[in-house]
Colleague: 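Got a structure for you, written out below as structure tokens; questions coming shortly.
Proteins come first, then strands; the chains are lettered A, B, ... in the order of their sequence lines, and each starts at number 1.
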Number of protein chains: 2
Amino acid sequence: MSISSRFAVGIHILVLIEVNKGNVSSSEFIASSVNTNPVVIRRIMGMLKNAGLVTVRPGVAGAELARDLTGISLFDVYKAVDVVQERELFNVHENPNPACAVGRNIQEAIMPVFSVAQLAMEKALGSVTINDVVKDILEKEKADNANRLTT
Amino acid sequence: MSISSRFAVGIHILVLIEVNKGNVSSSEFIASSVNTNPVVIRRIMGMLKNAGLVTVRPGVAGAELARDLTGISLFDVYKAVDVVQERELFNVHENPNPACAVGRNIQEAIMPVFSVAQLAMEKALGSVTINDVVKDILEKEKADNANRLTT
DNA sequence: ATTACATGTAATTATAATAGTTACAAGTTG
DNA sequence: CAACTTGTAACTATTATAATTACATGTAAT
């Protein structure tokens with residue numbers, strides 16, 4: 001099991017729009033950076049738009065960030081692209097036997113634990129912003145450039 | 001996306017073996033409590049066995065816990081049933097465009113963040129034991145019994 | 001040793017999610 | 001109107017899950 005790459009791609013899209021600021025970020029341009037089909041980008045872009053993270057207009061090339069970079073956390077993106085439902089990171093088997101003491105109580109016993117674990121993961125995502133990722137990438141670029149010049 | 005119910009079923013199995021202590025917990029008996037096919041139970045049981053959590057012998061009915069209840073955490077079960085690979089809770093799109101500053105750095109930028117989030121979730125699972133779940137279930141049973149008598 | 005029953009496991013199927021693709025309607029701009 | 005873009009529906013290939021059938025292998029009691 002793995003959480004859909006829609007999440008990683010959503011982050012990629014937002015970061016790219018920022019780094020490409022001043023130029024037009026069309027779905028085709030973004031798709032070439034992500035290395036996928038433009039339709040995949042438009043689909044995810046639609047979700048980011050519904051969540052109020054970007055602005056895009058039909059017929060008009062290019063997407064823009066709808067909020068300040070520091071105001072978009074990875075958790076916001078995660079919710080926007082709908083990769084994991086609330087309280088449903090862990091699948092619980094349905095219809096355990098109610099005639100058994102374990103069967104009739106197991107769900108209520110483990111669901112709160114699963115919920116706590118899911119929330120811990122989501123909290124970690126909430127503490128990182130798109131701005132953090134942009135800064136990290138620009139720093140890596142800078143380091144690479146310095147390396148290329150000195151070696 | 002959802003983490004396979006193998007995990008929840010694995011927990012169910014271990015709890016049931018404990019609650020049914022003294023009696024024989026065959027795959028058929030466990031399957032009737034989980035409400036699934038005995039083969040599903042045997043497959044998961046095999047994983048629990050490989051992880052050293054239970055003892056089962058071919059041909060001999062019944063499984064037993066191989067460790068003290070308080071020494072088995074939900075994280076141990078999670079690892080045993082192999083529902084999420086290390087560092088792979090989140091899928092990262094492959095082959096982003098190396099000709100783009102974002103494309104060539106995005107993976108290294110987000111993988112550590114994803115890793116932290118996954119570890120936070122796993123840590124939460126590590127802090128709960130099978131014994132905790134067993135106690136919780138027995139308490140729920142007790143409360144239900146009391147309710148049934150007084151109402 | 002034979003019978004009865006359990007575990008271990010391969011093979012098959014149905015179902016669902018993902019990611020990619022084609023096709024095209026609808027919007028925008030020059 | 002022409003060129004280009006976004007928005008979406010529809011279809012496909014791939015993969016994972018869970019359930020099921022079938023059967024080989026192992027154990028124990030008579």
Colleague: Can you measure A:Leu48 atom CG to D:dG7 atom P for me and round it to whole angstrom units?
Modeller: 11 Å
Colleague: Indicate, with a heavy-atom threshold strictly under 4.0 Å, whether B:Val60 touches base, sugar-phosphate, or nothing.
Modeller: sugar-phosphate
Colleague: A:Arg43 has an atom CZ; how far is it from atom P of D:dT5, in whole Å?
Modeller: 19 Å
Colleague: Can you check whether A:Ser4 has a side-chain N or O nearer than 4.0 Å to OP1 or OP2 of C:dA19?
Modeller: yes
Colleague: Do B:Asn131 and B:Thr129 meet the criterion of a side-chain donor-acceptor pair at a distance under 3.5 Å?
Modeller: no
Colleague: Charged N to carboxylate O under 4.0 angstrom, B:Glu64 versus B:Lys21?
Modeller: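 B:Lys21 and B:Glu64: not salt-bridged.
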Colleague: Given atom CD1 of B:Ile41 and atom P of C:dT9, what is their separation to the nearest angstrom?
Modeller: 16 Å
Colleague: Could you give the CG-to-P distance, from A:Asn37 to D:dA13, as a whole number of Å?
Modeller: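 The distance from CG of A:Asn37 to P of D:dA13 comes to 16 Å, rounded to the nearest Å.
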Colleague: C:dA17 base to A:Arg6 side chain: any donor-acceptor pair below 3.5 Å?
Modeller: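 Side chain to base: no pair present.
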Colleague: With rounding to the nearest 0.5 Å, note down the distance linking CZ in A:Phe29 to CG in A:Leu16.
Modeller: 4.5 Å
Colleague: Find the distance B:Arg42:CZ to D:dT25:C1' and express it as a whole number of Å.
Modeller: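 For the pair B:Arg42 CZ and D:dT25 C1', the rounded distance is 12 Å.
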Colleague: Separation of A:Asn35 atom CG from C:dA19 atom P, in whole Å?
Modeller: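 Computing the A:Asn35:CG to C:dA19:P distance gives 14 Å.
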Colleague: Can a side chain N or O of B:Lys49 be found less than 4.0 Å away from OP1 or OP2 on C:dG8?
Modeller: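 Result: yes.
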Colleague: Would you please confirm or rule out a distance under 4.0 Å between OP1 or OP2 of C:dA19 and any side-chain N or O of A:Ser5?
Modeller: yes
Colleague: Would you say a side-chain N or O of B:Ser27 is under 4.0 Å from OP1 or OP2 of C:dT7?
Modeller: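 Yes, B:Ser27 has a side-chain N/O under 4.0 Å of OP1/OP2 on C:dT7.
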Colleague: Going by distance alone, is a donor N or O of one side chain under 3.5 Å from an acceptor N or O of the other, for B:Asn147 and B:Asp144?
Modeller: no
Colleague: So which pairs with a foot in residues 113-124 of chain B pass side chain to side chain donor-acceptor pair (under 3.5 Å), sequence neighbours left out?
Modeller: B:Tyr78-B:Glu122, B:Gln118-B:Glu122
Colleague: Between B:Thr36 and D:dA19, is there a contact of a side-chain N or O with OP1 or OP2 at under 4.0 Å?
Modeller: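 So the side-chain polar atoms of B:Thr36 do come within 4.0 Å of the phosphate oxygens OP1 or OP2 of D:dA19, strictly under.
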Colleague: If you look only at pairs with a residue in residues 34-50 of chain B, which of them pass as a side chain to side chain donor-acceptor pair (under 3.5 Å), with sequence neighbours excluded?
Modeller: B:Ser27-B:Arg42
Colleague: Specify the separation, in whole Å, of atom CD1 of A:Ile3 and atom P of C:dT18.
Modeller: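 Going from A:Ile3 (CD1) to C:dT18 (P), I get 11 Å.
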Colleague: To the closest 0.5 Å, what do you measure between CD1 (B:Ile11) and CZ (B:Arg6)?
Modeller: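 Between atom CD1 of B:Ile11 and atom CZ of B:Arg6 there are 13.0 Å.
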Colleague: Find the distance B:Ile30:CD1 to C:dG8:P and express it as a whole number of Å.
Modeller: 11 Å
Colleague: State whether the distance check finds a donor on one side and an acceptor on the other, under 3.5 Å, for side chain A:Arg57 versus base D:dG7.
Modeller: no
Colleague: Tell me which residues in residues 72-99 of chain B lie within less than 4.0 Å of DNA chain D, going by non-hydrogen atoms.
Modeller: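 The answer is none.
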